[in-house]
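Data block below; observations after.
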There are 2 protein chains.
Amino acid sequence: MVRTARFSTEHFIDAAIALVAAGGPGAATMQAVARHVGAPTGSIYHRFESRSAIFAAAWNQSYDTLVGALAPLLLAGRPREAALALLPWASEDRDRARFLLLHEPVSLFEDAPPPEPLRQEMERLESGMDQAFRACIARTGDGAIREEDLARAKFLIFDAPIAILRPHLLAGSAFPPFVGQMIAELHAGVPIARTGRGADDTQAA
Amino acid sequence: MVRTARFSTEHFIDAAIALVAAGGPGAATMQAVARHVGAPTGSIYHRFESRSAIFAAAWNQSYDTLVGALAPLLLAGRPREAALALLPWASEDRDRARFLLLHEPVSLFEDAPPPEPLRQEMERLESGMDQAFRACIARTGDGAIREEDLARAKFLIFDAPIAILRPHLLAGSAFPPFVGQMIAELHAGVPIARTGRGADDTQAA
DNA sequence: TTCATTCTAGAATATGCATTCTAGAATGAA
DNA sequence: TTCATTCTAGAATGCATATTCTAGAATGAA
C-alpha cells in the first residue's frame, strides 16, 4: 500500500460512540471526534464522507452486536432468555448501550440522511431483527403472525427490558440486581402469545 | 397596556411543540418557529429569552397536563388506572405526546440550560410526579419505600405503557385497541408491590 | 530514482442559526 | 398632545461547525 494510516475507521467510530454516550448527538461534532482521537479534522473525511456516515457506521456496528446477542435466542424460541440477554449485552459496553438505546436514530440523522450503502445496511440489520422476532412467535403460536402478536413480543422482549434498564443507563450507575428479576417476573406474569394458555382475561370490545 | 401584541407565548410554544413533534428538536429552529407562527424571528425574544426557554416552557406546559392526568389517580392508589390514563392523554394531543415522550430532555437543552425559573419549574413538576408515585406505593405496600419498589412502580405505570405506545407515536398512526389490553394485562400479571397481598391492586374490592 | 497514491496536518470556506440591533408603529396615561 | 412603553418587522452580527482545500510526507511499484 501507500502511506500507513495513523487513524482507522474504528478509532473514529469509537470516538463518536463515546461522545454521543457522554453528551448526546450534539456533542459529537467533527472537531470533537477528531480531538478525541488526536487527529486533524480533515482526516476524518478520508474514512467517512460525512458526519451522518460516522453515525450510521457506529449505529450499524453497535446494532450488529445487539442482533448477535438476541437473534440466536429468538430463533431458538427462547424469548425469556433473549430478554435477559440484554443485561449482559448492555453491561459489556456501556457507551455502546447508551449510544444505541438512549437516542432516537432520527436525532442522529436529522441534518442529513446517511449515505446509501450504510442506510441499506441499517435496514438489513433491522429487518434481520424483525425476522428473528417473527420466527420466535411463529414457534410459540400457531404459525400465523398477527401484528398484535409481533407488537407484544417486541414489547416484552425488547422495549420493556430496555425501559427497565434506561434509568440506570441514564444515571450512569451499575445495574442493580432487581433489574434482572423484573425482566424475569415480567415474562413469568405476561405470556408472549395470548393463544396457547388460559391468559385471556382482559377484554374491551 | 401599550401596543397590542399579535403573537402570544402560546403561539410560540405551540409552534415549538408541533415542530419538535414533526421533525425532532433540530427542526425547531428559531426561524422555523417564527415562520410557523407568521412572526419575525426577533419577536420571539420579546416572549422568551432564548431557544432553551421556549423548549422549557413547552416541556413544562406539556408535562403539567401529564401530571394532571396521572397524579390524582396515583394519589388515590389506583396504579392500573393511572397507567391506562396515558392512553387518552396521548390521544388527546398527539403533538404534545410526541414532543414529551419521543425525545430525551437532554436533547432539548444540550445547547444551553434553560433559564433558572423555568428549570426550577421543571424540577417542581418532576418532583410532584415522583411524590405521587411514592404516595401510590406507600398505600399498597407497608409504608416503607425501597428504591426497588419505586423503580417497579415507575416502570409498570409509566415507562412500560409508554414503551407500548411509542411505536404508534413514532409511526404517527392511531393506537390500536390492543395497546390498552396490553397495559391492562401487564398490570394483571405483574404486581406493583412484591410485598403485601396478591396481585389485585385497584379498588375492585 | 521517480511516481502515483493515500495519507497527515491544519488552514480556509461556507453555511446555518441564535441572538442582537435599528427603525418605526400602536397604545394608554398624563 | 406628548411620552414612555411594548410591540412588529426584518436586517445585521457573530459564532459554531461541517466540509473543502492546500501543502507536504510516507509508501510501494516500476
Side-chain angles (χ1 to χ4, degrees), chain A residues 1-13 15-20 22-59 106-116 118-119, chain B residues 1-13 15-20 22-59 106-116 118-119:
Chain A
M1 243 164 298
V2 283
R3 176 174 188 171
T4 53
R6 292 184 53 198
F7 312 108
S8 69
T9 60
E10 283 304 312
H11 288 198
F12 294 121
I13 288 174
I17 290 173
L19 287 165
V20 171
T29 65
M30 294 302 256
Q31 347 269 335
V33 170
R35 198 178 321 124
H36 197 271
V37 166
T41 57
S43 289
I44 304 178
Y45 289 87
H46 285 278
R47 308 288 172 194
F48 302 94
E49 71 180 57
S50 67
R51 195 167 99 105
S52 290
I54 303 189
F55 285 155
W59 194 92
V106 62
S107 63
L108 293 174
F109 306 115
E110 65 188 2
D111 293 330
E116 195 50 28
L118 288 170
R119 201 190 57 75
Chain B
M1 302 301 277
V2 283
R3 175 174 188 169
T4 54
R6 292 186 51 199
F7 313 109
S8 68
T9 60
E10 283 304 312
H11 289 189
F12 294 121
I13 288 175
I17 290 173
L19 286 165
V20 171
T29 66
M30 292 303 256
Q31 347 269 334
V33 170
R35 198 178 320 122
H36 196 271
V37 166
T41 57
S43 289
I44 304 178
Y45 290 87
H46 285 280
R47 308 288 173 196
F48 301 94
E49 72 179 56
S50 67
R51 194 168 100 106
S52 289
I54 302 188
F55 285 156
W59 195 92
V106 63
S107 63
L108 294 173
F109 305 115
E110 66 187 3
D111 292 330
E116 196 50 28
L118 287 170
R119 201 190 57 75

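To find a chain, count down the sequence lines: A is the first, B the second, and so on, and within it residues start at 1.
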Calculate, to the nearest 0.5 Å, the distance between atoms CD1 and CG belonging to Ile54(B) and Leu118(B) respectively.
11.0 Å

Both Ile44(B) and Ala28(A) contact DNA chain D. Taking the nearest nucleotide for each, which residue is further toward the 5' end?
Ile44(B)

Rounded distance (Å) that lies between atom P of dA11(D) and atom CE of Met30(B)
18 Å

Kindly point out which of dT19(D), dA18(C), dA9(C) is positioned nearest to the side chain of Arg51(A)?
dT19(D)

Taking Arg51(B) for the side chain and Ala28(B) for the main chain, is one N or O donor matched with an acceptor at less than 3.5 Å?
yes

From CZ of Phe55(B) across to C1' of dT19(C) the rounded distance in Å is 15 Å

Whole-Å distance, Phe109(B) CZ to dA18(C) P, equals 15 Å

Quick note, Tyr45(B) side chain, CB onward, closest among dT20(C), dT8(C), dT19(D) is dT20(C)

Atom CZ of Arg35(B) to atom C1' of dC17(C): distance rounded to whole Å?
11 Å

Go nucleotide by nucleotide along DNA chain D from the 5' end; which of Gly26(A) and Glu49(A) gets its closest nucleotide reached first?
Gly26(A)

Looking only at dG10(D), dC7(D), dT8(C), the nucleotide nearest the His46(A) side chain is dT8(C)

Side-chain N or O of Arg47(B) closer than 4.0 Å to phosphate OP1/OP2 of dC7(D)
yes

Is the phosphate of dT17(D), meaning OP1 or OP2, less than 4.0 Å from a side-chain N or O of Thr29(A)?
no

So Ser50(B), base contact, sugar-phosphate only, or nothing? Heavy-atom distance under 4.0 Å.
sugar-phosphate

Pairing partner of dT6(D), by Watson-Crick or G-U wobble and under 3.5 Å for both distances, is dA25(C)

Using purine N1 to pyrimidine N3 plus N6-O4 or O6-N4 for Watson-Crick, or N1-O2 and O6-N3 for G-U wobble, each under 3.5 Å, what pairs with dT1(C)?
dA30(D)

Taking Arg47(A) for its side chain and Glu10(A) for its backbone only, find out whether a donor-acceptor pair lies under 3.5 Å.
no

Atom pair distance, as rounded to whole Å: CZ in Phe12(A) and C1' in dA18(D)
15 Å

Considering only heavy atoms from C-beta outward, does the side chain of Phe48(A) approach that of Pro114(A) to under 4.5 Å?
no

Name the one of Leu19(B), Ile13(B), Thr41(B) that satisfies side-chain contact (heavy atoms from CB on, under 4.5 Å) with Val33(B)?
Leu19(B)

When you check the phosphate oxygens OP1 and OP2 of dA18(C), does a side-chain N or O of Gln31(B) lie under 4.0 Å from one of them?
yes

Tell me: CD1 of Ile54(B) to P of dC17(C), nearest whole Å?
15 Å

Respond yes when some side-chain nitrogen or oxygen of Arg6(B) is under 4.0 Å from OP1 or OP2 of dA9(D), and no when none is.
yes

